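Everything on this sheet refers to the single structure shown next.
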Amino acid sequence: METILKDILDAACIREYIHTCEMGWQQGWHERNGGNLTYRMTGEEVAQCRPFFSEERPWVKMGVTAQHLAGEFFITTGSGKFFSNVARRPRESIGIVQINEAGDGYRIVWGLEKGGKPTSEFESHFMNHAVRVQATDGACRVIYHAHPANLIALTYVLPLTDRDLTRALWKSATECPVVFPHGVGVVPWMVPGGPQIAMATSELMKEYEAAVWAHHGLFVSGPDFDITFGLMHTLEKAAQICVLALSCGQGIRQTITDDNLRAIAHDFGVTINEKFLD
Ligand code: 2HA
Ligand code: ZN
């Protein structure tokens, strides 16, 4: 039995969503309208929130299609909205969209008041959900995009390959191979905000939980808000350590070896992506 809500903002999924936006803002990853967050709601959450939905707003076509996400409901940040305002102005800053039966369009059923629209990166989020749902047997529910400074800085000084970024991050903190054993993908610099970057990103997300956008930011995925936010946090912390170590100016004297990485993976029971190891 679901509890009957007096206000949709009392729903646990909305409260957790807003809390995640607030934490991202506090980390300094969301200057101005930077970053966006989407969450694929469960059937129970949709049932609980449905009394607050309206079906008056029009269907909007996307430039991408995922038939297996037809009829799903997503909580999303709004285009041009600031993470810093989500907690105090949620009804304008975020909304819920329903995907149409063809899996190629959406309509806003709650929130994004005063003419708001879903994030400009909604197509990237949608395609990332599409591939991560399949890669995780339906477990993936959260896609999160942020602009963490150290990770972005590394895209100016490291070779822009999955292998180079992954190895640098794995070797920057001992927990990394456990937290992202598949590694990270790298999307070369592209104009953001459309189907082209959405397709390039989701291609990488078939293999990885995270994809870096060169000179821009990062997309991560996960089954819930904590795990997804934690992945972003771990990646950025590793990047910060890498930047600090390189900034000392004497080069890397010693590091975690490839056999050390194998030993961590073995003892923590994760399968590390061997293609990145020597
Ligand atoms: O939402 O982060 O990539 C603003 C952005 C675009
Ligand atoms: Zn961005």
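In this text the structure is predicted, and so the values were computed from the model without any measurement. Order of listing sets the numbers, starting from 1, for every ligand and every atom in it.
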Are any of the N/O atoms in [X] less than 3.5 Å from those in ligand 1?
X    : value
N36  : yes
G35  : yes
T119 : no

For [X] and [Y], does a side-chain donor sit closer than 3.5 Å to a side-chain acceptor?
X    : Y    : value
T65  : D104 : no
W110 : S54  : no
H129 : T38  : yes
H182 : E207 : no

(request) Heavy-atom contacts with E121 under 4.0 Å: which atoms of ligand 1 show up? List them by number with element. (result)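 Those atoms are 3 (O), 6 (C).
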(request) Using a strict cut-off of 4.0 Å, indicate which atoms of ligand 1 neighbour a heavy atom of H145. (result)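 In order of number, 2 (O), 3 (O).
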(request) Would you mind checking which non-hydrogen protein atom is closest to atom 4 (C) of ligand 1, with the distance to 0.1 Å? (result)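 Answer, as residue, atom name and distance: N33 O, 3.2 Å.
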(request) State the CG-CZ distance between D267 and R262, to the nearest 0.5 angstrom. (result)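 Rounded to the nearest 0.5 Å, the CG-CZ separation comes out at 14.0 Å.
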